[in-house]
Protein chains: 2
Amino acid sequence: MNIVETLSSIPLFLGLPENQLVELSRIVVDKRFKRGDIIFSEGDEGIGFYIVISGKIKIYKISPDGKEQILHILGAGEPFGEIALMGEQFYPAHAEAMDKSRIFFFPKVPFASLIKQNPSLALNMIAILFFRLHEFTVMIESLSLKDVPTRLADYLIYLSERNGGVSELKLDIPKTQLANLLGTIPETLSRIFAKMTKQGLIKTDGPNIKILDYHALKELSTAEKRLSDIGELF
Amino acid sequence: MNIVETLSSIPLFLGLPENQLVELSRIVVDKRFKRGDIIFSEGDEGIGFYIVISGKIKIYKISPDGKEQILHILGAGEPFGEIALMGEQFYPAHAEAMDKSRIFFFPKVPFASLIKQNPSLALNMIAILFFRLHEFTVMIESLSLKDVPTRLADYLIYLSERNGGVSELKLDIPKTQLANLLGTIPETLSRIFAKMTKQGLIKTDGPNIKILDYHALKELSTAEKRLSDIGELF
DNA sequence: ATATATCTTTGACTTAATTCAAAAGAGTTG
DNA sequence: CAACTCTTTTGAATTAAGTCAAAGATATAT
């Protein structure tokens, strides 16, 4: 697949006329990273933005004492580092490849002028930003208003529903990373997996998780927590 | 001040030609709310978006057992409920007036077509969304990676710096609401104010807070926490 | 295959923050 | 100003989650 074809399949560029795609193909830089490679760090000057072509990228914050909070895990077609498009900005978080990844880089200046010329590109960008904002809203709610078991239940249900309601899931990230995504630590997550297993909600075998009691998991994810119920569930 | 003039002073509409402003003035609805009025609730159909003209609006989530997390407190010139502009969406959070407020409402359909026709409106919207996204990033980091004293220190420093580094602050929201904004509860916040006061970091008198040791507060806000240090500070 | 590094789990302990309860203070309204 | 409501503070007890430590399991590379 040539560059223009690849670009045309990216949601952000949906509906762009051929000539604009060709324009984009002239400014794009094709990059490759291996697992663990840092793409940018928090505070780096934002020299452009990126789109994942293949692989998986995590965007994360890290505290002075080393605790990591993953903000996003991005897959094929998803942009990151867009903040660089706004004025004199710095990247607000770190970006690291979680797997071998291929990424397109778009330097700020030529892209910024493209977006100004092209209304449909701007509208696509708005749509993506709204989506992001909504995701972050959910994350804030999750961190502030839900306990860790509930956050895990939410995540498992999300994975299940994303695949049309299947009950057999396979985590595509290590549990360590899942802990960092859910705002907890591996030890805590491990204990909760163990508890859910003991309660017959799920069955785990490494990264494979089978949902045994979807209903109870869903309850856990949405129900108001009364002390009596917690005693029952855990 | 007439409507067109008022519209022209709103950041989202910066740079819009006169005729577009007139266009906007035709679709806008001028609304007034008093403290405690609900503007919309989470899950309501998104029929349009709003801009605060005067007063203060909080956007918040609430857990089944009643804990509230404020996502934003919006003042004059700031838009909210923009998510309604995207397809068939529902408001993802609640909006409530914290004071007597005047608000402009823009119905979805006519506004959506305006944004499609007007590139500079789209770019302004992108700028606002980026800003929001950045704010949420900070909030997630705060909730996940910082303890409550640090979050309060951050907030006090933010207030101080927003006013050019003054040391005498006046909270413009009740401490109950501040607790909800910082992701904690009033009791906890109250204890932390008391501790900071005892440590000579601040002095409080109702909503008035004087920063006595800016440096120590800043340290608390940024420093890596080692056990020994915490013992010293609290 | 063997070594190396990374990930996962479990146990014992600590702690930051919440819950529950109650009282004191401040602000509002008839 | 008196009644009411809302906010703020303090104490005592509880708890969810984190820390520290160590062992076991898995995966990756040479």
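A quick note: this is a predicted structure, and the numbers were derived from the prediction, not measured. Labels below follow one simple rule: chain letters A, B, ... track the order of the sequence lines, proteins then strands, and each chain is numbered from 1.
- For Pro186(B), the listed nucleotide lying nearest its side chain is dT9(D); candidates were dT18(C), dT9(D), dT9(C).
- Straight-line distance from the CD1 atom of Ile192(B) to the P atom of dT9(D): 12 Å, rounded to whole Å.
- Between the P atom of dA16(C) and the CG atom of Asp65(A) lies a distance of 13 Å, rounded to the nearest Å.
- Looking at the side chain of Thr188(B), the nearest of the listed nucleotides dT18(C), dA17(D), dA16(C) is dT18(C).
- Taking atom NZ of residue Lys67(A) and atom P of nucleotide dT15(C), one finds them 18 Å apart after rounding to whole Å.
- The nearest pair of heavy atoms linking Thr176(B) to Pro186(B) is CG2-CG, 3.8 Å.
- Of the candidate nucleotides dT18(C), dC7(C), dT10(D), dC7(C) has the atom nearest to the side chain of Thr176(A).
- Using bins of under 30°, 30° to 60° and over 60° for the plane-to-plane angle, the ring pair Phe80(A)/Phe40(A) lands in the tilted bin.
- Within the 4.5 Å cutoff, no side-chain heavy atoms of Asp30(A) are placed close to those of Ile53(A).
- Residue Glu68(A) contributes atom CD, which lies 14 Å from atom P of dG18(D) at whole-angstrom precision.
- For the residue pair Tyr158(B) and Arg162(B), a side-chain donor N or O sits within less than 3.5 Å of a side-chain acceptor on the partner.
- When rounded to the nearest whole Å, the span between CD of Gln69(B) and P of dT18(C) equals 11 Å.
- Picking from dT10(C), dT18(C), dA17(C) the nucleotide with the shortest atom distance to the side chain of Glu187(A) gives dT10(C).
- If you measure from atom CZ of Arg191(A) to atom P of dT15(D), you get 18 Å, rounded to the nearest angstrom.
- For Asn180(A) and dT6(C), the CG to P distance is 15 Å, given to the nearest whole Å.
- Ranking dT9(D), dT9(C), dT6(C) by closeness to the Arg35(A) side chain, first place goes to dT6(C).
- Considering only the side chain of Pro174(B), dT8(D) comes nearest among dT8(C), dG18(D), dT8(D).
- Comparing dT19(D), dT9(C), dT10(C) against the side chain of Ile185(A) picks out dT19(D) as the nearest.
- Comparing atom distances between the Ser190(A) side chain and each of dT10(C), dA17(C), dT18(C) picks out dT10(C) as nearest.
- In summary, Glu161(A) and Lys218(A) engage in a salt bridge, as defined by a charged side-chain N under 4.0 Å from a carboxylate O.
- Note on Gly183(A): only backbone sugar-phosphate atoms sit closer than 4.0 angstrom, heavy atoms only; bases stay farther off.
- One can place CG of Asn208(A) at 12 Å from P of dT8(C), the figure rounded to the nearest angstrom.
- Listed nucleotides dT9(D), dA17(C), dT19(C) differ in distance to Thr184(B); the shortest reach to its side chain belongs to dA17(C).
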